[in-house]
Amino acid sequence: MNPTPVIETIGLSKTYGKTDAVSGLNLRVMPNCITAFLGLNGAGKTTTIKMLLGMIRPSGGEARVLGRQIDSSDESVELRRSVAYVSESQRLYDYMTVAQIIRFTRSFYPAWCADTEKTLLRMYELPPNRKIKSLSKGMRRKLALLLAFARKPDLLILDEPSDGLDPVGIEQLLETLVSQCSTGTSIFFSSHQIAEVERVADRVCMIHKGRLVMDASLDEVRESYRQIDLVFNALPDEYELRMPGVERIESRGHQVRMIVSANAESVIERARAYYPSSTEVSPIGLREIFLDRVKEN
Amino acid sequence: MLWYKAWLETRARFLISLFGILFLCSYCVLHLEQEAVPGTLLSYYNYVLTEGYGMLVMMWVLAVTLLMMGGLLREHALGSASFTLGLPVSRRRLMMVRVGVGALEASAIAIIPTASMCVIASIWGKPFSLSQNLFHLVLLLAGGAFFFAIALLVSSVVRGEYTAPVVALGVLLLIAVTLGDQKMRLFSPLEFMLGGEYFNRSSSLLVGPIPWVRAGLWVCLAALLTWVAVRVVDRKEF
């Protein structure tokens with residue numbers, strides 16, 4: 001039996017005037033794994049996340065987070081007891097100190113983990129008595145992460161979490177994400193940093209111009225996605241090479257480049273029927289797939 | 001803890017307003033008497049109560065308008081609204097706490113200076129009237145509730161850290177000018193707060209019973225505007 005998704009959207013849409021920020025999004029985020037939400041700036045990642053958390057109302061479709069409807073304000077409050085969210089904005093309450101905002105946030109979460117709080121305070125070197133307004137951008141981001149991790153949430157939603165962090169901070173963040181996931185927290189994070197996604201994500205959802213253009217596990221991507229470069233003396237019709245698993249065909253002169261998401265063997269078999277003078281098969285990274293999807297759309 | 005947050009957010013503005021008004025009220029009690037002309041109607045009451053309260057009303061309206069600037073729209077302009085809205089708290093509760101803390105602070109800015117005027121007068125052996133002070137205080141708080149609600153509504157409609165206070169002060173000015181006309185004075189909350197209708201020129205005192213019905217009407221109107229502000233924030237997208 002499939003586990004219940006922690007996030008499930010069906011035809012979720014958001015329109016601003018004539019612009020579709022999110023269009024018919026069907027998303028399923030499974031529990032106990034790290035799911036990356038990849039997309040260019042303005043692709044609809046933040047709008048989707050804000051809809052999930054009840055900050056903006058969807059124009060159409062429906063969604064559930066941890067089994068609760070997002071469009072009911074009472075349900076939304078309940079779901080936020082089990083969800084921690086770190087927004088892309090680096091700002092917190094400037095008039096509070098680090099200790100004050102920790103005390104304030106802690107009061108809303110009975111399961112607050114004091115150990116995580118202490119560990120991260122030490123790891124991030126956050127001065128408890130310093131006013132937030134005097135913290136650097138990176139320190140504020142670390143504080144926001146501490147406030148999210150220490151809640152012991154069932155679901156952690158992070159919007160561009162590594163923005164503003166230095167390489168050490170990013171490393172610490174990725175380690176913490178993995179360790180949080182191992183303790184049963186489902187993680188959904190938006191990013192356009194493909195290297196980070198490749199390092200920690202179990203699954204990747206790609207969004208472009210408000211539409212979901214890919215939803216696959218990273219293992220699937222590594223195992224199934226291939227780039228096939230062929231050189232023909234007589235170029236076959238592109239239609240002849242189209243078959244299940246072929247995502248994209250690009251012809252230039254006598255050369256054909258194909259991106260396949262499955263059935264690479266069958267595709268090569270079919271191509272060989274047209275006697276290519278050269279056949280080259282190589283694995284393809286997330287970056288190429290991402291660029292390919294963005295270009296395609 | 002939402003009360004704690006609301007207090008931390010407004011305490012600097014509150015304390016500056018409180019001590020500023022306290023200073024001016026103390027100055028009125030101790031020094032305005034010297035302005036009085038012996039043997040004329042310009043008595044102590046005229047200067048201390050009328051002038052002092054006139055100043056208190058103006059300063060109070062200004063202070064409360066600035067005090068009520070804040071909330072989710074300001075946080076949105078500053079970038080911290082996402083953090084607040086990520087907490088397991090309804091927007092209605094956030095607003096109610098803000099209204100609660102704001103009302104307490106606004107009351108304190110009215111009550112403490114009024115009480116201090118009585119205390120300072122009694123310490124320095126100046127005449128003072130508890131009933132007159134109470135009359136002024138009721139008018140100030142009831143009429144002031146309208147300005148409190150207007151400031152809350154503006155801060156719930158207008159985005160921007162500085163835009164909201166500028167608009168709120170503009171609205172104040174508009175109300176003062178349009179309702180300041182002789183024919184419109186009956187509908188002016190500012191006139192009600194200043195107690196012009198109940199002011200006796202020969203004695204410089206407020207006369208007659210405290211107008212509880214009119215005071216109640218201003219409070220009801222303020223409650224209605226507060227309800228509108230809560231609804232507006234409830235429906236807003238951040």
Side-chain angles (χ1 to χ4, degrees), chain A residues 14 16 21 46-47 49-59 68 72-97 100-110 131-133 137 140 143-144 147-148 151 153 155-159, chain B residues 1-17 66-98 101-102 105 155-156 159-162 227 229-238:
Chain A
K14 181 67 190 175
Y16 293 105
T46 301
T47 306
I49 289 173
K50 285 189 168 183
M51 280 194 281
L52 295 176
L53 291 163
M55 291 177 199
I56 51 180
R57 263 179 301 282
S59 309
R68 293 181 186 278
S72 148
S73 44
D74 291 341
E75 293 256 302
S76 180
V77 171
E78 282 308 311
L79 81 85
R80 277 181 268 142
R81 289 188 205 286
S82 315
V83 176
Y85 166 56
V86 178
S87 75
E88 62 180 337
S89 160
Q90 314 281 347
R91 303 302 293 267
L92 293 163
Y93 307 136
D94 281 350
Y95 48 86
M96 285 191 187
T97 62
Q100 280 171 335
I101 201 164
I102 289 174
R103 200 161 58 236
F104 169 74
T105 311
R106 188 168 50 200
S107 71
F108 296 97
Y109 301 94
K131 282 258 188 210
I132 291 170
K133 69 177 165 200
K137 202 170 148 186
R140 283 202 298 264
L143 178 58
L147 297 172
R151 291 175 201 187
L155 171 63
L156 189 55
I157 298 179
L158 310 163
D159 197 356
Chain B
M1 286 302 265
L2 285 175
W3 293 81
Y4 175 64
K5 170 186 176 286
W7 162 245
L8 289 181
E9 191 180 359
T10 53
R11 70 176 170 185
R13 275 175 282 166
F14 168 71
L15 292 173
I16 290 169
S17 305
L66 295 178
L67 208 56
M68 290 314 290
M69 294 298 112
L72 282 171
L73 264 79
R74 183 166 184 265
E75 286 187 6
H76 187 250
L78 294 172
S80 57
S82 298
F83 181 77
T84 308
L85 292 167
L87 296 170
V89 184
S90 68
R91 294 182 190 185
R92 205 163 299 171
R93 198 171 143 219
L94 286 169
M95 281 293 279
M96 292 325 291
V97 169
R98 213 179 131 225
V101 171
E105 289 175 340
S155 73
S156 306
R159 290 181 195 258
E161 191 184 356
Y162 300 107
W227 178 79
V230 172
R231 293 282 297 166
V232 166
V233 169
D234 219 20
R235 302 176 72 84
K236 210 123 203 147
E237 300 203 327
F238 292 91

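Lettering follows sequence order; numbering is per chain, from 1.
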Handout entry: B/Tyr4 side chain to A/Ser107 side chain, donor-acceptor N/O pair below 3.5 angstrom
Key = no
Practice task
Please flag which part of A/Leu147 lies under 4.5 Å from any non-hydrogen atom of chain B: side chain, backbone, both or neither.
Solution key: side chain
Problem - Main-chain N/O of A/Met55 paired to B/Glu237 side chain as donor or acceptor, under 3.5 Å - result: no
Problem - Cation-pi check, A/Lys50 onto B/Phe238 ring (under 6.0 Å, within 45° of axis) - result: no
Handout entry: Contact listing (chain A partner; residues 7-15 of chain B; heavy atom under 4.5 Å)
Key = B/Leu8, B/Glu9, B/Arg11
Problem - Any side-chain heavy-atom pair of A/Arg91 and B/Glu75 under 4.5 Å - result: no
Exercise for the section: Could you tell me which portion of B/Leu78 (side chain, backbone, both or neither) has an atom closer than 4.5 angstrom to a non-hydrogen atom of chain A? Expected result: backbone
Handout entry: chain B contact via A/Arg106 - side chain, backbone, both or neither, heavy atoms under 4.5 Å
Key = neither
Exercise for the section: May I ask you to decide if B/Ser82's main-chain N or O and A/Ser87's side chain share a donor-acceptor pair within less than 3.5 Å? Expected result: no
Exercise for the section: Could you look at A/Ile101 and say if it's the side chain, the backbone, both or neither that has a heavy atom under 4.5 Å from chain B? Expected result: side chain
Handout entry: Side-chain donor/acceptor of A/Arg80 to backbone N/O of B/Leu85, under 3.5 Å
Key = yes
Exercise for the section: Check each atom of A/Tyr85 against the heavy atoms of chain B and say whether the ones under 4.5 Å are side chain, backbone, both or neither. Expected result: side chain
Problem - Plane angle bin for B/Phe83 and A/Tyr93 - parallel if under 30°, tilted between 30 and 60°, otherwise perpendicular - result: perpendicular
Exercise for the section: Supply the atom-to-atom distance B/Arg91 CZ to A/Ser73 OG, rounded to the nearest 0.5 angstrom. Expected result: 9.0 Å
Exercise for the section: Check whether any side-chain heavy atom of B/Ser80 sits under 4.5 Å from a side-chain heavy atom of A/Leu92, and report yes or no. Expected result: no
Exercise for the section: Please indicate whether B/Arg92 has more than 12 foreign heavy atoms, meaning atoms of other residues, nucleotides or ligands, lying under 6.0 Å from its CZ. Expected result: no
